[in-house]
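Numbering of ligands and ligand atoms starts at 1, following listing order. The structure presented is a predicted model; accordingly, all values stated were derived computationally and were not measured.
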Amino acid sequence: MLDPNELESRLPVGRMGVEVHLHATIGSTNDRAAELAREGAPEGALVLADEQTAGRGRLGRKWRMPRGSGIAMSLIMRPSQMERSALGAIGLVGALATIDALEGLKLEPRLKWPNDVLLGGKKVAGVLAEASWTGSTLDYVVLGIGVNVRPVPLGGGAALDYASTSVEDSVGETVDRGSLVFSIVAGVDDWYQRLEAGEAHPAWEERLAFKSEWVSISNEEREITGRPIGLTPSGGLRIETADGEKLTLEAGSFQLRPINTDPTQPN
Ligand code: BTN
């Protein structure tokens, strides 16, 4: 079990973790955080669970988290102003906070756009940022982060969209989940500040995986082959297609996969 006393003694960090709601078992920490946000919980309120039974991933996928196997956490954010298209940037705040926390364990995580975290080319963490609007007014954002910490059997922790791994698979020894939660919360506080100050963008681009490699980016309507060349300040992906066209894709419904063929060469 995560230790509530340890968490309370180390949090908040800046604006994050001002309230801690720790559950032994929950359906989805994002759903609980949204409920709390609607009831008026402040920015920085944190929901955590040791087991998540109905966790949700991007694009309607499930995110299973067996008891004690990982981190399922959601933070309430109340940005003073946000364009609808900037939700991708909040997702990146979560991904970069997770990347920093894993670098603190001497690992070399990478960012798979829009906001998956990879270790050794496999997915170790995912982010689900969800916003609620009343007309053009933002009510709140919930930033949900899921990390596979312990090795899990096939089909375990992650949304089944990509080969998955765990932090302990890479570290080779037991990792303290409480310390990892603390590092991620501290990272969210830091990246959120950098985002507000307009300073986050260069570091995101630096961490982007598959830069200049051929990838396929698809949603239900289209599939595009291209090479990532960078990110927009709101978290969109800039790519160059095989015929040299430069496109920007907003995170929304897209998913990215590396491909091993070069579309500019004959088969
Ligand atoms: C993805 O990779 O598709 C995103 C996965 C996000 C999972 C986290 S776990 C904590 C929070 N609560 C949820 O129901 N989902 C997110």
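Between Asp31 and Arg56 there is a salt bridge, since a side-chain N of the basic residue sits under 4.0 Å from a carboxylate O of the acidic one. Between Glu51 and Arg67 there is a salt bridge, with a side-chain nitrogen of the basic residue lying less than 4.0 Å from a carboxylate oxygen of the acidic one. Ion pairing between Arg227 and Glu240 fails under the 4.0 Å rule for side-chain N and carboxylate O. Ion pairing between Glu250 and Arg84 fails under the 4.0 Å rule for side-chain N and carboxylate O. Here Asp100 pairs with Arg207 in a salt bridge; the nearest charged N to carboxylate O distance falls below 4.0 Å.
For ligand 1 and Met73, the ligand atoms under 4.0 Å from any heavy atom of the residue are 10 (C). In summary, the atoms of ligand 1 found under 4.0 Å from a heavy atom of Arg58, numbered by their order in the structure, are 1 (C), 3 (O), 4 (C). Taking every heavy atom of Thr29 and a limit of under 4.0 angstrom, the matching atoms of ligand 1 come to 10 (C), 11 (C), 12 (N). Within the listing of ligand 1, atoms 2 (O), 4 (C), 5 (C), 6 (C) sit less than 4.0 angstrom from a heavy atom of Gly126. In the vicinity of Gly146, heavy-atom distances shorter than 4.0 Å reach the ligand 1 atoms 8 (C), 9 (S). Against a heavy-atom cut-off of under 4.0 Å, Gly55 is close to the following atoms of ligand 1: 14 (O). Shown in contact with Gly57 at under 4.0 Å from a heavy atom are these atoms of ligand 1, numbered in order with element: 1 (C), 3 (O), 4 (C), 5 (C).
Proximity of Asp116 to ligand 1, defined as any heavy-atom pair under 4.0 Å, is confined to the side chain (atoms from C-beta onward). No part of Met65 comes within 4.0 Å of ligand 1, judged by heavy-atom distances. Contacts between Val127 and ligand 1, counted as non-hydrogen atom pairs separated by less than 4.0 Å, involve the backbone only.
By heavy-atom distance, the residue among Lys123, Gln52, Arg56 lying nearest atom 9 (S) of ligand 1 is Gln52.
With hydrogens and angles ignored, the 3.5 Å screen pairs a side-chain donor or acceptor of Asn30 with a backbone N or O of Leu128.
The two residues Gly14 and Asp189 have their closest heavy-atom pair at CA-OD2, 3.6 Å.
By the side chain to side chain contact (heavy atoms under 4.5 Å, CB included) test, Ala49 is found to be paired with His23, Ile26, Thr29, residues two or more places apart in sequence or in another chain being considered.
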